[in-house]
Amino acid sequence: MLDRALKGTTGYWSWLVFLLVLIGVGAGCYLYQFSEGLRITGLSRDVSWGLYIGQLTYFVGIAAGGVMVVLPYYLHDYKAFGRITILGEFLAIAAIIMCLLFVLVDLGNPVRLMNMILYPTPNSILFWDMIVLNVYLLLNIVIGWNVLAAERKGIKYQKWVKVLAYISIPWAFTIHTVTAFLYAGLPGRHFWLSAIMAARFLSSAFCAGPALLVLLCLIVKKVSKFDPGKEQLQTLGGIIAYAMIINVFFYLLELFTAFYSQIPGHMHAFEYLFHGLDGHGQLAPWMWTATGFAVVALILLIIPATRRKQDTLAVACVSVIIATWIDKGLGLIIGGFTPNCFETVTPYWPTTLEILITIGVLAVGFFVLTILYKVAVSIKEEASA
Amino acid sequence: MGVDRREFLKIAGYATLFGLGGTAAIDILAPGELEASATGIPLTRGKRWAMVIDMRKCLAQQDKKKCKDCMVACHREHNVPDWGEPQHAVKWIWQDKYEHVFPDHPNEFVDEGVEGRPFILMCNHCYNPPCVRVCPTQATFKREDGIVVMDMHRCIGCRFCMAACPYGSRSFNWGDPRKAPKSLNPDYPTNKAYPERSKGVVEKCNFCTELVDKGELPICVQACDKIKVNALHFGDLANPESNVRKLLRDHYSVRRKPALGTGPNVFYII
């Protein structure tokens, strides 16, 4: 089936070459980081995780979001999503690959990675995160590939594939719950020490993942003969609307607890993020940008007319992605470390090298995504021809 | 005791024969007595090592001179690289002002005696260490004697422990220690007794396990005793007669962020 990825238009090949260039630049920067250590990043002893771990968190959400097409199809027998479950599963594969790479580039000693398997440690949430992410990756590869192979042959997929699909549904919830537990169980990090963290992660995943999927569907429709379908996008729009409302609601719950209780430790991170603390306010413009896009997204998603119209739905999806990315990929991690253990502020901003490595990893993810989507779309085109 | 000389020698002899050493005989004949008689002398047999820092003595010394003897001694003993950059600093024992050390004791009208004064900081060797709980490779673990140690040869550098530690007691090797500026590390690595770490691993205060295992006091305590300030006291909390238990009985002491339930084993007498 992979041979479909070898036949494509000039546009397809130029896009792949463009991604390869980005991957090359990222890999070069990573080699430099590998030899010099993480001091080439903007990280410090006080803000010891940053852009890389933020992207890990965000893309676990994108991966989990794929379940929003799988669940209605397999559990509610919502037939319309049968056309696009493969796109959700392949998006999950690409997202998980990015997640694993983001962990890898963040490690100080990547050559010792296997110590996590040589010395399995069930009391560490990172150990469980490794398990759930890898199993979810495997599940999606096996399910996606077999369903697509069956479609190519014009037959129905085997029963055991459906069993795996049923397993993959709760599994999608676990990947983001466990990722939230990385943060939500640490004493002394007030911003993260919140029982609603996992629920917030899931709600933002279930709007951001489908939002990216809508945009990808629109691109697929434009560059191929395969139409993911109008009804499918409408339903996704509804899912995104609910998930985004819940996501914003959960964020407001955090704000209430912090600011009504007036406990300084609970307020500080929010003050830092939205206003600035001790004269450090470099994240405030970002957080207000996120707020702005969240409002735009909510308006466009709640009003039925704008949600149903494809152009405005696309704008809403872009807004959802920008808002959730700033919140999770940037604010969540930096805010968790600010103020630090001594109630002072150590500013963090990623360096150019760090950003180039991040773009490199994103390019790997989109390269995998392009190949997988090319295969899937080619087979769907053949099936309908 | 009801044991005559002849019987004692017999049991001691058997004990030695079985490779238990002389102390085993004392354990069999008079359990607990050796420990009691050795109060204050660090042995290799502590059950819950702790540090009591008498800040009154430390600050009195700070008034005389900007004393950094404990820090200098520690960082030399453990080959700690100096990058000259605060954001990448590797800290085993260091100073910060009172308000930063005890941010959960905010007081607008704080005692002049401590306001803005430098306090000594180190790993708290928590009874319930969150860093150990989160480490995915058991590179950091709690020994039976309560000391939280770090295996720098197993650490993968994920820095989960740094996020978990509420005390900022963990440092990361952001670069290769051998590439740290020569002017700040003129004879690195000189100390063959302590392993040289690679880049990308986490490290921290180890309560000088390498010395404690030999029956010696941690080097910071030795440095403080050497100048006769005696502000640092190292001892076994499990022993009710130990120096540290006596100090804590006789003085009011505080610990950093006790409400988090980590059970810090570093106490401050203010």
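Letters A, B, ... mirror the listed sequences (proteins, then strands); counts begin at 1.
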Show the nearest heavy-atom pair for residues [X] and [Y], with the distance to one decimal.
X        : Y        : answer
B:Phe172 : A:Gly108 : CZ-CA, 3.6 Å
A:Cys341 : B:Cys165 : SG-O, 3.7 Å
A:Pro187 : B:Pro166 : O-CB, 3.9 Å
B:Arg256 : A:Phe342 : NH2-CE2, 3.4 Å

Subject >> Contacting moiety of B:Cys158, where chain A heavy atoms sit under 4.5 Å >> reply: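 Contact with chain A is through both the backbone and side chain of B:Cys158.
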
**OP:** Name the region of B:Asp176, side chain, backbone, both or neither, that has any atom closer than 4.5 Å to a heavy atom of chain A.
**Re:** backbone

Original post:
Only one of B:Lys91, B:Gln87, B:His88 forms a side chain to side chain contact (heavy atoms under 4.5 Å, CB included) with A:Arg45, so which one is it?
Top reply: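 The side chain to side chain contact (heavy atoms under 4.5 Å, CB included) with A:Arg45 is passed solely by B:Lys91 among B:Lys91, B:Gln87, B:His88.
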
Original post:
Relative to chain B, which of A:Pro264, A:Pro122, A:Ser124, A:Pro120 shows the most heavy atom pairs under 4.5 Å?
Top reply: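 When all of A:Pro264, A:Pro122, A:Ser124, A:Pro120 are compared, A:Ser124 has the most.
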
Original post:
Heavy-atom count around B:Trp83 CH2 within 6.0 Å, excluding the residue itself: above 12?
Top reply: yes

Where on [X] is there a heavy atom nearer than 4.5 Å to chain B: the side chain, the backbone, both, or neither?
X        : result
A:Phe34  : backbone
A:Asp106 : both
A:Leu118 : neither
A:Leu38  : both

Heavy-atom check, side chain of [X] versus side chain of [Y], under 4.5 Å:
X        : Y        : value
A:Arg112 : B:Val201 : yes
A:Ile125 : B:Val134 : no
B:Lys199 : A:Arg39  : no

Original post:
Distance only, no hydrogens: is a donor on one side chain within 3.5 Å (strictly under) of an acceptor on the other, for B:Arg159 and A:Ser48?
Top reply: no

Given 3.5 Å as the limit, does a donor-acceptor pair link the side chain of [X] with the main chain of [Y], or not?
X        : Y        : answer
A:Asn123 : B:Arg133 : yes
A:Asn115 : B:Arg154 : yes
A:Arg189 : B:Ala164 : no

**OP:** Heavy atoms only, distances under 4.5 angstrom: which of B:Cys135, B:Pro130, B:Ser198 has the most pairs with chain A? Name it, please.
**Re:**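 Option with the greatest count: B:Cys135.
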
**OP:** Could you tell me the separation between the CG atom of A:Leu186 and the SG atom of B:Cys131, rounded to the nearest 0.5 Å?
**Re:** 11.5 Å

**OP:** Would you please classify the geometry between the A:Trp49 ring and the B:Phe160 ring as parallel, tilted or perpendicular, with 30° and 60° separating the classes?
**Re:** tilted

